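See structure below.
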Number of protein chains: 2
Amino acid sequence: MPEHNILFKGIDDYDCYRMFTCFNMEVKKFRAGSCISDYSKQGDKIGIILKGSAGVVRYDVNGVRTIIETLGEQGIFGEYFTYPSSARNYVEVVAEKDCEILFVRRSELLKRCEKACTCHSRVVENMLELMTEKAVSLSERVEVLSQRTIESKLISFLQITEEKTAEGKTPQIPFSTTVLSDYLCVNRSALQREIAKLKKSGVLTISKRKFKLKLNHENEFDI
Amino acid sequence: MPEHNILFKGIDDYDCYRMFTCFNMEVKKFRAGSCISDYSKQGDKIGIILKGSAGVVRYDVNGVRTIIETLGEQGIFGEYFTYPSSARNYVEVVAEKDCEILFVRRSELLKRCEKACTCHSRVVENMLELMTEKAVSLSERVEVLSQRTIESKLISFLQITEEKTAEGKTPQIPFSTTVLSDYLCVNRSALQREIAKLKKSGVLTISKRKFKLKLNHENEFDI
DNA sequence: AAAAATCTGTTGCAATTGCAACAAGGAGGA
DNA sequence: TCCTCCTTGTTGCAATTGCAACAGATTTTT
């Protein structure tokens with residue numbers, strides 16, 4: 001039932017069905033690896049990931065790939081946010097796993113409802129929650145990318161990953177090293193070199209994708 | 001009248017006054033250069049810039065400054081978004097100009113109003129707009145920082161600045177070069193060197209802070 | 001108006017990062 | 001099983017970036 005989704009959290013079946021139609025929403029499925037949106041002529045259309053995961057990927061003129069964002073369930077995307085493809089680079093959203101995506105126009109969501117239904121304001125509330133999540137995850141992205149060296153980009157990323165790991169579980173890098181380098185926006189072999197250094201100095205332990213950080217707490221701020 | 005603010009857009013005087021109290025909001029003033037929040041123990045408190053502008057700034061262990069975000073009027077900030085100060089770095093929000101800031105807790109904004117006032121849902125709607133703006137500006141930030149070289153970080157920043165410039169006006173860099181380097185997260189003199197190169201090759205013209213870009217459109221994607 | 005502070009612009013040298021090439025280790029399909 | 005494709009890991013060399021120092025310009029303060 002595509003009417004049931006995170007945007008309609010807290011709303012009963014009948015209203016869900018009604019609004020789904022009223023807002024001109026649609027749900028589409030995509031196979032892993034396929035392109036969900038190429039960010040051209042989408043206007044204010046917003047995509048919300050109901051199931052699966054996806055990545056916002058950019059290829060520049062030289063073919064260099066950059067993973068701008070990774071989107072899990074509840075992730076949202078659209079031309080409205082992401083800087084669009086331009087003459088200098090090509091941006092697309094690619095399904096990582098099989099995906100189910102809800103599409104809706106921003107203008108539809110915000111239109112003043114003639115019937116002033118309470119459920120409409122609940123939708124706006126839910127949208128606020130999704131948008132807040134997006135802002136938080138973009139902030140993390142900025143935190144990582146604003147680091148000046150590969151080493152600190154990596155450490156910053158690993159720390160954030162650690163914090164997201166459930167209590168008692170071993171933190172795990174969600175990518176292959178190759179993909180990680182595209183995510184940190186650095187050269188793969190240079191990243192590999194930094195990983196080797198951190199391992200050698202005992203700061204980092206990795207087996208497969210599971211890792212452990214032991215930071216040296218000298219030379220730090222008192223807070 | 002602090003009751004009138006962007007969060008209360010579309011709401012009449014009486015309700016503004018009532019909600020301002022009901023939500024435990026407060027408005028504070030800050031002098032240019034002063035520290036608005038040091039991101040410690042703020043919990044879910046959110047700041048909204050009513051007047052003035054501010055920057056979210058990080059200093060690392062070596063004293064290197066990074067401008068994580070710049071916030072104009074309607075900009076929002078809080079520990080909830082920005083990665084907080086840690087043992088390795090210190091984050092604060094600094095007023096660029098004299099500021100008037102509205103503080104409110106996220107939990108207060110989202111609490112189910114017993115009186116189910118229509119104006120409350122309008123506040124949520126306004127908040128969604130502010131949050132969307134934040135997501136958009138963070139996306140731009142990622143766009144710039146994800147570039148691999150100083151040259152492309154600079155060009156990407158200048159292009160975005162151009163696009164924001166009102167029709168007919170000359171685009172203008174909003175910072176000094178020194179501050180710009182902290183915003184692009186690169187070394188100042190290396191940035192200066194790249195600017196010199198672009199000037200020499202005729203791609204970039206700058207006088208004071210006004211600039212003009214003439215990009216060479218070879219080797220580009222057809223879109 | 002003089003002094004102080006800040007910003008711009010440049011440069012040589014050092015450190016970091018990117019690039020290319022290659023060997024070795026899975027994973028999955030024919 | 002063998003073969004292919006993809007990822008990991010390493011390295012020498014080249015290019016980019018950071019650092020430090022300094023001179024001149026500009027702005028702010030006294």
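Source: prediction; values computed, not measured.
Among the nucleotides D:dG18, D:dT7, D:dT10, the one closest to the side chain of A:S189 is D:dT10. Listed nucleotides: C:dT8, C:dT17, D:dT8. Nearest to the side chain of A:S176: D:dT8.
At C:dT6, none of the side-chain N or O atoms of B:T178 fall inside 4.0 Å of OP1 or OP2 (strictly under the cut-off). At C:dC19, one or more side-chain N or O atoms of A:N187 fall inside 4.0 Å of OP1 or OP2 (strictly under the cut-off). Between C:dT8 and B:Q192, no contact under 4.0 Å exists linking OP1 or OP2 to a side-chain N or O.
B:K197 has its NZ atom 7 Å from the C1' atom of D:dT16, to the nearest Å. Taking atom CZ of residue B:R209 and atom P of nucleotide C:dT6, one finds them 15 Å apart after rounding to whole Å. The CD1-P distance, from A:I150 to C:dC19, rounds to 11 Å in whole Å. Here D:dG9 presents its P atom at 14 Å from CD of A:E194, a figure rounded to the nearest Å. Rounding to whole angstrom units, NZ of residue B:K208 and C1' of D:dA25 are separated by 9 Å. Taking atom NZ on A:K153 and atom P on C:dG18, their separation rounds to 8 Å, with Å as the unit. Spacing between atom CG of A:N62 and atom P of D:dT16 amounts to 12 Å, rounded to whole angstrom units. Distance, B:L184 CG to D:dG18 P: 11 Å, rounded to whole Å.
Under a 3.5 Å cut-off, the side chain of B:R106 and the backbone N or O of B:I46 do not form any donor-acceptor pair.
Interface remark: the B:T177 side chain does not form any donor-acceptor pair with the C:dC7 base, using a distance-only criterion of under 3.5 Å.
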Next on the checklist: Could you walk me through whether A:V144 and B:L145 satisfy the side chain to side chain contact (heavy atoms under 4.5 Å, CB included) test, starting with their C-alpha distance in whole Å, then the side-chain angles of each, then the deciding distance to 0.1 Å, before giving a yes or no?
Outcome noted: CA-CA 10 Å; A:V144 171; B:L145 293 179; over 6 Å; no

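If A:R188 and A:E151 are placed on DNA chain C by their nearest nucleotide, the residue sitting closer to the 5' end is A:E151. Nearer to the 5' terminus of DNA chain C, by closest-nucleotide assignment, is the contact made by B:F175 (compared with the other of A:R193 and B:F175).
Here A:E129 pairs with A:K9 in a salt bridge; the nearest charged N to carboxylate O distance falls below 4.0 Å.
A cation-pi arrangement is present between B:R141 and B:Y183, with the terminal nitrogen or guanidinium carbon under 6.0 Å from the aromatic centre and inside a 45° cone about the axis.
The aromatic rings of A:F175 and A:F157 sit parallel to each other, their planes meeting at less than 30°, with 60° as the upper class boundary.
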